Amino acid sequence: MNERIIEIDGIKLCSDTFGKLNDPAILLIMGAQSSMIWWEEEFCQRLADAGRFVLRFDNRDVGRSTTYEPGQPKYTFEDMADDAVRVLDAYEIKQAHILGMSMGGMLTQMIALRHPERVITITLLATSNFASHLPPMEDKVMDFFSNIGDIDWKDESSVIKFTIDKSRILVGSKHLFNEKKIGVLAANEFARGSNMASMNNHALLAGGESYLARTSEINVPALIIHGTEDPIIPFKHGQNLAKEIPGAVLLSLEGTGHELHYDDWDLIVDSIVEHTSRSN
């Protein structure tokens, strides 16, 4: 790992890179409650081996970036979108391809509208603009979060169990659930986290609505990747993005849930490389 702590505007952002700085840059933005380690190293290396300079980073309130007291996030979604640009600034990258998953995909849409001069292409993975006509998450997900009970965020085994149980709910029928791998990643996240309970602040954030209502104004090439069995952000959300964003291409992952599963990596990486090649 090439971790680097970026200190800017009174906050700290932990970043990591793969590949050569002179190659076209891809900035990866992970979803809610998840640090950058969920962009697994092998996944990042595959993109780097294809000639991309890959950057991943911890959003606020996860990993080694700045955290806030649980229940008191002192920032907005707009601030998080600007954090991504702060990372690009730190590496003196004028323009980049942006890849965002789930909440990270929402931030990617915002960046494309808020900082269009910094964006070459966007790739939106398992995300949405959350238009009012789109279906809600499945009941099994709502039931899980309603019944998880108290979690001791300072206890490693408690946090690992929560992460495994949550991840199991999100998989599609196509893939076997790899509990061992999820457990290792969860342990890594716990070891890196400075305040694990703060990850829940992501559910309390405000902002972003004015940008997500303007998805049709995005003016860069867009690749939409979405699992047909996503229980948190149903497949119709991905289909809607593909219709809303001019010229967008939809890659459907049959039988995949809300996950970046190893078995889909070949297709996803190849599609991203092709997508980002056309605009270099």
Side-chain angles (χ1 to χ4, degrees), residues 1-18 25-41 43-44 54-91 93 96-112 114-115 118-119 122-128 130 153 159 162-163 166-167 185-186 188-208 211-212 232-233 258 260:
M1 297 178 71
N2 298 303
E3 284 196 8
R4 171 183 173 187
I5 300 294
I6 299 165
E7 298 190 36
I8 185 171
D9 297 332
I11 61 170
K12 295 181 180 180
L13 298 170
C14 183
S15 64
D16 188 26
T17 64
F18 300 78
I26 297 182
L27 180 67
L28 312 182
I29 309 176
M30 187 37 74
Q33 297 183 313
S34 302
S35 71
M36 66 180 175
I37 61 130
W38 296 94
W39 297 112
E40 294 182 53
E41 290 189 26
F43 179 85
C44 296
V54 180
L55 300 96
R56 60 179 187 171
F57 71 102
D58 293 328
N59 286 308
R60 301 192 203 195
D61 273 325
V62 293
R64 292 175 176 164
S65 291
T66 291
T67 61
Y68 301 81
E69 285 299 312
Q72 301 180 43
K74 298 179 180 179
Y75 60 99
T76 65
F77 281 123
E78 283 83 355
D79 293 323
M80 293 184 81
D82 291 347
D83 286 346
V85 176
R86 290 181 173 102
V87 173
L88 296 180
D89 288 343
Y91 287 90
I93 295 172
H97 305 277
I98 314 293
L99 165 57
M101 180 171 182
S102 197
M103 182 190 73
M106 183 190 78
L107 297 174
T108 299
Q109 295 170 68
M110 293 175 61
I111 295 165
R114 190 172 171 87
H115 303 281
R118 307 301 297 272
V119 181
I122 60 172
T123 300
L124 304 176
L125 173 60
T127 192
S128 179
F130 300 102
W153 294 102
V159 173
F162 162 75
T163 305
K166 177 185 71 173
S167 299
L185 287 167
N188 188 5
E189 180 146 68
F190 185 86
R192 295 182 68 251
S194 57
N195 188 354
M196 294 299 295
S198 294
M199 70 166 67
N200 297 300
N201 284 337
H202 287 170
L204 305 176
L205 294 178
Y211 291 98
L212 295 181
I232 281 194
I233 304 178
H258 195 78
L260 183 56

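Along the sequence shown, residues carry numbers from 1. As the structure is a prediction and not an experimental result, all values here were calculated from the model.
- By the side chain to side chain contact (heavy atoms under 4.5 Å, CB included) test, S65 is found to be paired with L13, C14, D58, residues two or more places apart in sequence or in another chain being considered.
- The line from CG of D83 to CD1 of I8 is 9.0 Å long, rounded to the nearest 0.5 Å.
- Annotation: cation-pi pair R4/Y91 present, NZ/CZ under 6.0 Å from the ring centroid and within 45° of its normal.
- Contact annotation: the side chain of M80 never approaches that of M110 to less than 4.5 Å [non-hydrogen atoms, C-beta and beyond].
- Partners of S167 by side chain to side chain contact (heavy atoms under 4.5 Å, CB included), not counting sequence neighbours, listed by chain and number: T163, F177, I182.
- Taking the six-membered ring where the residue is Trp, Y75 and Y68 present tilted rings, their angle falling between 30° and 60°.
- Not counting sequence neighbours, the partners of K12 by the side chain to side chain contact (heavy atoms under 4.5 Å, CB included) test are I5, E7, T66.
- Using modelled atom types, one side-chain atom of E78 and one backbone atom of G208 make a donor-acceptor pair closer than 3.5 Å.
- For N59, there are no side chain to side chain donor-acceptor pair (under 3.5 Å) partners, not counting sequence neighbours.
- Counting heavy atoms from C-beta outward, M36 and R192 have side chains that approach closer than 4.5 Å.
- F190 is linked by a ring-ring contact (aromatic ring centres under 6.0 Å, His included) to nothing, counting only residues two or more places apart in sequence or in another chain.
- Using a distance-only test at 3.5 Å, with no hydrogens or angles considered, no donor-acceptor pair links the side chain of D82 to the main chain of D79.
- For S194, the side chain to side chain contact (heavy atoms under 4.5 Å, CB included) partners at least two apart in sequence or on another chain are T67.
- Side-chain atoms of I233 and S102, non-hydrogen and from C-beta on, do get closer than 4.5 Å to each other.
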